[in-house]
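Residue numbering restarts at 1 for every chain, and letters A, B, ... go by the order of the sequence lines.
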2 protein chains.
Amino acid sequence: MDTGYREQINQLDRLRKALKSVGMKLTYQRMVVFEEVAKTNQHPDAEAVYEAVRRHIPSVSLDTVYRTLWLLRDLGLIRTLGPQREKARFDANPHRHHHFVCNACGTAFDFDSPQFDELTVSYKLELVGQVQTAHVELRGICRHCLESMPLRQEKEAKEA
Amino acid sequence: MDTGYREQINQLDRLRKALKSVGMKLTYQRMVVFEEVAKTNQHPDAEAVYEAVRRHIPSVSLDTVYRTLWLLRDLGLIRTLGPQREKARFDANPHRHHHFVCNACGTAFDFDSPQFDELTVSYKLELVGQVQTAHVELRGICRHCLESMPLRQEKEAKEA
DNA sequence: ACACTATTTAGGATTTTATACTATTTAGTA
DNA sequence: TACTAAATAGTATAAAATCCTAAATAGTGT
Ligand SMILES: [Mn+2]
Ligand SMILES: [Mn+2]
Ligand SMILES: [Zn+2]
Ligand SMILES: [Zn+2]
């Protein structure tokens with residue numbers, strides 16, 4: 001994954017702009033963390049990013065790496081897969097269904113979607129491996145949380 | 001969620017059959033854990049299941065609850081949402097894409113699907129709340145793991 | 001009904017992942 | 001160059017899940 005010099009500049013510029021837009025500082029740590037995530041397609045975990053960053057900044061702390069990663073996500077510069085401080089949940093509902101998870105309160109709601117059900121089948125053939133499950137997970141803010149939210153925040157959530 | 005007496009019998013019977021089919025014992029702990037997950041649509045986490053089970057078996061251990069939950073999942077009696085001993089992963093790929101996660105090695109592979117992309121849009125209007133992201137996550141066994149797998153296990157994986 | 005034994009459990013220790021705290025350093029500004 | 005709020009390093013702590021081992025028990029055979 002050799003991201004050329006030109007692309008690196010773009011990345012850095014995106015980071016700079018994003019930080020400025022929310023009035024945060026551009027630190028060397030933030031640059032290196034972003035670079036290290038941006039230059040791979042391996043979906044590294046925090047520990048892997050930490051090790052990579054340490055090669056540039058030996059004294060960097062794990063805390064800084066985590067803070068920066070969540071920050072980059074909040075800025076829309078990277079996204080996250082898998083848990084972020086969530087626990088496993090269990091579901092014995094045997095009927096085919098999908099989930100909407102609230103980013104505010106964490107509640108998971110069931111919903112049906114014949115449309116989503118179709119897909120899974122047609123995609124099970126081709127692909128990188130042998131598909132066992134296909135899960136569509138929608139995330140957002142649930143009706144309940146929206147109602148108990150100040151209007152300004154609700155508008156922000158809508159824009160996100 | 002009042003699962004009637006009839007349905008409870010069915011549940012218990014499913015558990016009994018599933019355990020027998022793999023030569024495992026039907027214990028009171030396993031019955032209660034399954035019952036407690038089966039009788040709610042609240043997607044409880046392990047701690048919540050633990051508390052519920054304790055009302056029936058005060059001395060039950062958290063370890064038993066976890067072991068049983070993963071077992072029930074492996075038997076296909078329940079399913080899990082969210083992480084199971086996975087770490088968060090980070091992804092700076094700005095192009096729209098989805099993921100295939102290998103259940104064996106944990107690797108996440110990118111893949112494109114115009115078909116999957118379409119969906120998200122049409123579903124963003126209706127629903128339980130305000131959708132921010134829609135992520136299709138396929139899970140299974142990646143080609144690499146399939147190749148380094150004994151044939152018998154591969155067949156089992158195919159059936160799962 | 002009773003005994004046998006591989007399986008399962010309870011309870012506590014441990015690991016893993018991530019966050020909290022705080023004294024020190026630094027980026028942005030003038 | 002000096003100022004100051006923001007950010008970091010280093011360490012402590014928390015939270016989620018698993019490991020370990022002696023004791024208990026489900027299923028089996030008599
Ligand atoms: Mn569900
Ligand atoms: Mn990706
Ligand atoms: Zn909510
Ligand atoms: Zn794999």
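Less than 4.0 Å separates DNA chain D from at least one heavy atom of each of the following residues of residues 56-66 of chain A: A/Ser59, A/Val60, A/Ser61, A/Asp63, A/Thr64.
If you check every strand for non-hydrogen atoms under 4.0 Å, A/Glu47 touches nothing. B/Arg30 comes within 4.0 angstrom of the backbone, heavy atoms only, and of no base.
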Tabulate atom names and distances for all N/O pairs under 3.5 angstrom spanning the protein and nucleotides 27-30 of chain D.
{"unit_1": "D/dG27", "atom_1": "OP1", "unit_2": "B/Leu26", "atom_2": "N", "d": "2.7"}

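Under the ring-ring contact (aromatic ring centres under 6.0 Å, His included) criterion, B/His56 pairs with no residue, sequence neighbours left out. With sequence neighbours excluded, the residues forming a side chain to side chain contact (heavy atoms under 4.5 Å, CB included) with A/Asp91 are A/Asn93, A/His97, A/His99, A/Asp110, B/His43, B/Arg79, listed by chain and number. Scanning for ring-ring contact (aromatic ring centres under 6.0 Å, His included) contacts around A/Phe34 gives an empty result, with sequence neighbours left out.
Taking atom OH on B/Tyr50 and atom P on D/dT18, their separation rounds to 15 Å, with Å as the unit.
Side-chain nitrogen and oxygen atoms of A/Trp70 include at least one within less than 4.0 Å of the OP1 or OP2 phosphate oxygen of C/dT19.
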Result block: side-chain N/O donor-acceptor pairs under 3.5 angstrom for residues 15-27 of chain B, not counting sequence neighbours:
{"unit_1": "B/Lys17", "atom_1": "NZ", "unit_2": "B/Asp13", "atom_2": "OD2", "d": "2.7"}
{"unit_1": "B/Ser21", "atom_1": "OG", "unit_2": "B/Ala18", "atom_2": "O", "d": "2.7"}
{"unit_1": "B/Thr27", "atom_1": "OG1", "unit_2": "B/Arg30", "atom_2": "N", "d": "3.1"}

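Summarising the geometry, atom CD belonging to B/Gln11 is positioned 9.0 Å from atom CD belonging to B/Glu35; distances are rounded to the nearest 0.5 Å. Taken from OG1 in A/Thr68 to CG in A/Asp63, the straight-line distance is 9.0 Å, to the nearest 0.5 Å.
Annotation: of the two residues near DNA chain D, B/Ala46 and B/Gln29, the 5′-most nearest-nucleotide partner is B/Ala46.
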